[in-house]
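Here's the structure we're looking at; comments come further down.
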Amino acid sequence: MPSASTPLPLDLALQGGGSHGAFTWGVLDRLLEDEGLAVQGISGTSAGALNGAVLVTGLVRGGPEGARAALRAFWEDVGRSGQVFSPFSLTQAAAAQHNSFNFDALPNYQWVTSFWRSFSPYEFNPLNLNPLRDVVRRHVDEAALRHAHARVPGLSLFVTATSVHTGQARVFTGEDLSIDALLASACLPFLFQAVQIDGQPYWDGGYTGNPALYPLIDRSDALDILLVRINPLRREGTPTRSVEIMDRVNEITFNASLIAELRAIAFVSRLLREHALDPRHHKDLRLHMVADDEGLAPFNASSKLNTDPAFLEQLFGLGRAAADRWLAAHRADLGRRSSLDIEALFGGRPGPVGPSTALRRRPWWRRWLRR
């Protein structure tokens, strides 16, 4: 365990969710203020990958304060650049006035979503224009991503995308990291053409890992993993409109891989508690989570396309407040015990949070998941 003067190593797992990634910006901003924490591995998908890439760029160039400035500059640029998470222009101001930043009550949103279901991006966007590419280029240093570990000991980034051909996750890290890898991780197939990398097409990583935890288990020495979750696990009511149904299906799909990984962790942890596995041959993990389902509840899936600056700042504030609450309640747990009860949160047999969650250094449990 690190001494009182040594920063605690912390891995980050960052979910995707379009403009709701500004919530994660707020969480990161608050965490970076804590001089007793040292970010190590970062696994991100979609907007989580973008946050991770900007975070790494800032840490390499200017430490925690440089990272805070880099994240703010990125999200302010997103706010100025219009609808970067969609090839269509939707009226942000009208959404703010009409339905608390949600797009789904606007007549043109109904038309646009109907259009998406009728035509592919190869038909309505044959030139493959992606407004996010220029924004990412202005704020991400590819060299910093590829050589982060050499510049900041322990720092590494893992970006998940989904292979169109195999349906499996591909995790980009080290020399494989690029602007294209980030765009692949954020490529929703109904909005953008698949991103080609090394002759292979990729779609959004949320289908196979939102975010993927196993890279942190396999390739980081930190024992504490903090999940920043922005996709709701639960929504009250039954969707009745086609748009609402499709949005909820996407939310469920994009949480499924994360829930599967966490349930596998709980399974292995239970085997350890029952002395069915030898703890000498397993890696102890302490899991934590920052989320605010109540604060994000008014903003449905349609708002993930909204990059109105006022909305992004509101999400930023929610994220900072959520991180502040988590630090007040669980900062002392870091380096000591898990603060996330996986079984109680995601279903299964509830139980008390133990001193640690354990996981084998080689991910045999991934093979178990596929049985």
Side-chain angles (χ1 to χ4, degrees), residues 7 9-16 18-19 21-35 37-81 84-85 130-161 171-187 195 197 205 211-212 215-216 219-220 222 226 228 307 312 316 319-320 323:
L10 179 65
D11 283 348
L12 299 174
L14 310 179
Q15 272 201 325
S19 64
F23 175 89
T24 302
W25 163 36
V27 173
L28 297 176
D29 189 77
R30 178 63 185 89
L31 294 176
L32 289 165
E33 287 183 342
D34 191 323
E35 296 179 355
L37 301 178
V39 175
Q40 302 279 274
I42 305 167
S43 180
T45 296
S46 194
L50 300 177
N51 272 317
V54 175
L55 173 62
V56 169
T57 296
L59 286 172
V60 168
R61 290 178 173 179
E65 286 304 312
R68 292 181 68 199
L71 285 163
R72 173 162 287 280
F74 169 73
W75 283 102
E76 287 180 347
D77 196 355
V78 168
R80 289 191 302 267
S81 299
V84 298
F85 295 111
N130 190 335
L132 184 58
R133 181 181 294 275
D134 289 339
V135 176
V136 175
R137 279 176 173 165
R138 288 195 288 269
H139 298 276
V140 171
D141 182 343
E142 289 181 316
L145 304 188
R146 293 167 179 165
H147 307 293
H149 194 280
R151 301 285 297 276
V152 180
L155 182 63
S156 53
L157 177 65
F158 306 96
V159 170
T160 302
V171 176
F172 296 86
T173 191
E175 292 294 333
D176 290 336
L177 287 168
S178 64
I179 301 298
D180 280 341
L182 296 173
L183 295 177
S185 184
C187 178
V195 177
I197 300 176
L216 301 176
R219 304 183 65 173
S220 174
L226 176 63
V228 182
T307 56
L312 299 181
F316 168 80
R320 268 194 65 92

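Side-chain atoms of L37 and P7, non-hydrogen and from C-beta on, never get closer than 4.5 Å to each other. Counting heavy atoms from C-beta outward, V159 and D176 have side chains that stay 4.5 Å or more apart. Contact of the T307 side chain with the V78 side chain is registered, since non-hydrogen atoms from C-beta on lie closer than 4.5 Å. Contact of the L32 side chain with the L59 side chain is registered, since non-hydrogen atoms from C-beta on lie closer than 4.5 Å. Residues L50 and L132 meet the side-chain proximity criterion, which asks for heavy atoms closer than 4.5 Å. In this structure, the side chains of I42 and D11 stay at 4.5 Å or more apart for every pair of heavy atoms. You'll find the side chain of I197 reaches within 4.5 Å of the side chain of V195, heavy atoms only. In this structure, S19 and L312 have side chains that are in contact, with non-hydrogen atoms separated by less than 4.5 Å.
The two residues R133 and I179 have their closest heavy-atom pair at NH1-CG2, 4.3 Å. What you find for L216 and A13 is that their closest heavy atoms are CD1-CB, 4.3 Å. The two residues G21 and A47 have their closest heavy-atom pair at CA-CB, 4.1 Å.
Qualifying side chain to side chain donor-acceptor pair (under 3.5 Å) partners for E142, counting only residues two or more places apart in sequence or in other chains: none. The side chain to side chain donor-acceptor pair (under 3.5 Å) check on S178 picks up nothing, with sequence neighbours excluded. When the side chain to side chain donor-acceptor pair (under 3.5 Å) test is applied to Q40, no partner is found at least two apart in sequence or on another chain. Partners of D29 under the salt bridge (Lys or Arg N to Asp or Glu O under 4.0 Å) rule, at least two apart in sequence or in another chain, are R68, R320. Legend: residues meeting side-chain contact (heavy atoms from CB on, under 4.5 Å) with V152, ordered by chain and number and at least two apart, are V60, L155. Shown here are the side chain to side chain donor-acceptor pair (under 3.5 Å) partners of R72, two or more places apart in sequence or in another chain: E76, E313. Residues forming a ring-ring contact (aromatic ring centres under 6.0 Å, His included) with F158 (at least two apart in sequence, or on another chain): none. Listed by chain and residue number, nothing satisfies the side-chain contact (heavy atoms from CB on, under 4.5 Å) test with E35 (two or more places apart in sequence, or in another chain). In this structure, the side-chain contact (heavy atoms from CB on, under 4.5 Å) partners of R138, at least two apart in sequence or on a different chain, are D77, S81, D134, V135. Under the salt bridge (Lys or Arg N to Asp or Glu O under 4.0 Å) criterion, R146 pairs with no residue, sequence neighbours left out. Take A53 and apply the side-chain contact (heavy atoms from CB on, under 4.5 Å) test, not counting sequence neighbours, and it matches V140, L145, L157, L182.
Summarising the geometry, atom CZ belonging to F172 is positioned 9.0 Å from atom CG belonging to D180; distances are rounded to the nearest 0.5 Å. Expressed to the nearest 0.5 Å, how far CZ of F23 lies from CD of Q15 amounts to 10.5 Å.
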Assess the residue pair V39 and L10 against the criterion (side chain to side chain contact (heavy atoms under 4.5 Å, CB included)); give the C-alpha distance rounded to whole Å, side-chain angles, the decisive distance to 0.1 Å, and a yes or no. CA-CA 5 Å; V39 175; L10 179 65; 5.6 Å; no
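Sequence neighbours left out, the pairs with a member in residues 41-61 that pass side-chain hydrogen bond (donor to acceptor under 3.5 Å, both in side chains) are S46-D204, N51-W75, R61-D141.
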